[in-house]
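Have a look at the structure below, then the notes.
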Amino acid sequence: QVQLVESGGGLVQPGGSLRLSCAASGITLDYVARGWFRQAPGKEREGVSCINPDGSTYVAESVRGRFTISSDNAKNSVDLQMNSLKPEDTAVYYCAAGAYYCTGYLNEYDYWGQGTQVTVSS
C-alpha cells in the first residue's frame with residue numbers, strides 16, 4: 001500500500017518560514033515525479049513545485065525565489081522550504097507523486113497525501 005504523509009504545516013506571520021515534509025511508504029520517490037500542490041478555499045488546486053526523476057525541478061512563478069523543493073533519499077521524502085511567506089500562500093498543501101514527469105494535470109499523479117494546512121496571517 002502506498003501512503004504519503006505530509007507534516008510541517010501551521011500558522012505563521014507574513015515574512016515567516018515553514019518547512020513541509022512528505023514521507024512516502026510503498027514507493028521509492030526517486031523514480032517518479034513528486035511535489036506539492038495547494039488549494040485555497042473556492043479555488044482550483046494548483047501546482048506549486050515538483051521534482052523529476054532526472055533531478056530537474058519546476059517552481060511556480062508565484063513562489064519562485066521564495067520556495068525550494070528538495071528530496072531526501074535516506075528518508076524517502078520530498079520537502080518544501082517556504083520562506084518570505086505571504087497571506088496569499090494560505091492554503092491546504094498536498095503532496096503528490098507517481099507521474100512520469102512533472103505536470104499540472106492532477107490525474108497524472110497516482111498518489112496523494114491528506115494535505116496539511118498552511119495559514120499566513122498577522
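No more than 12 heavy atoms of other residues, nucleotides or ligands shown are found within 6.0 angstrom of CG on N107.
The nearest pair of heavy atoms linking A97 to V32 is CB-CG2, 4.3 Å. The minimum heavy-atom distance linking P53 with Y31 is given by the pair CG-O, 3.7 Å. Scanning all heavy atoms of the two residues, the minimum distance from V78 to C95 falls at CG1-SG, 3.9 Å. Nearest heavy atom pair, residue V59 against residue R64, reads O-NH2, 2.8 Å. Across all non-hydrogen atoms, the minimal contact from S70 to R19 is OG-NH2, 3.5 Å. Y109 and A33 make their closest contact through CE2-O, 4.1 Å (heavy atoms, listed as atom of the first residue, atom of the second, distance).
For the salt bridge (Lys or Arg N to Asp or Glu O under 4.0 Å) condition, the pairs that include at least one residue of residues 24-34, sequence neighbours left out, are D30-R34.
Y100 has its side chain out of reach of E108: every pair of non-hydrogen atoms, C-beta onward, lies at least 4.5 Å apart. Between Q13 and P87, every side-chain heavy-atom pair lies at or beyond the 4.5 Å cut-off. No side-chain heavy atom of S121 sits under 4.5 Å from any side-chain heavy atom of T90. In this structure, the side chains of L20 and M82 come closer than 4.5 Å at one or more pairs of heavy atoms. In this structure, F67 and N83 have side chains that are not in contact, with every pair of non-hydrogen atoms separated by 4.5 Å or more.
When atom types are taken as modelled, the side chain of Q117 and the backbone of G9 share no donor-acceptor pair closer than 3.5 angstrom. Checking side-chain atoms of Q3 against main-chain N and O of S25 turns up no donor-acceptor pair under 3.5 Å.
From Y111, atom OH reaches atom CG of L29 across 11.0 Å, with rounding to the nearest 0.5 Å. We find the OG1-CD distance between T68 and Q81 to be 7.0 Å, quoted to the nearest 0.5 Å. The CG atom of N76 sits 9.0 Å away from the SG atom of C22 when rounded to the nearest 0.5 Å. I27 CD1 to L4 CG: the interatomic distance, rounded to the nearest 0.5 Å, is 5.5 Å.
A search for side chain to side chain donor-acceptor pair (under 3.5 Å) contacts involving S84 returns nothing, not counting sequence neighbours.
The hydrophobic clustering, which links ILVMFWY residues whose side-chain heavy atoms are closer than 4.5 Å, places W36 and V92 apart. There is a path of hydrophobic side-chain contacts, each under 4.5 Å, that joins V120 to L18.
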Result block: side-chain N/O donor-acceptor pairs under 3.5 angstrom for residues 37-52, not counting sequence neighbours:
unit_1	atom_1	unit_2	atom_2	d
R38	NE	E46	OE2	2.8
R38	NH1	D89	OD1	2.9
R38	NH1	Y93	OH	2.9
R38	NH2	E46	OE2	3.4
Q39	OE1	R45	NE	3.2
Q39	OE1	R45	NH2	3.2
Q39	NE2	K43	O	3.1
S49	OG	Y58	O	2.8
N52	OD1	C102	N	2.6
N52	ND2	S56	OG	2.9
N52	ND2	Y101	OH	3.4

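Side chains of D79 and S21: a donor-acceptor N/O pair is present below 3.5 angstrom, by distance only.
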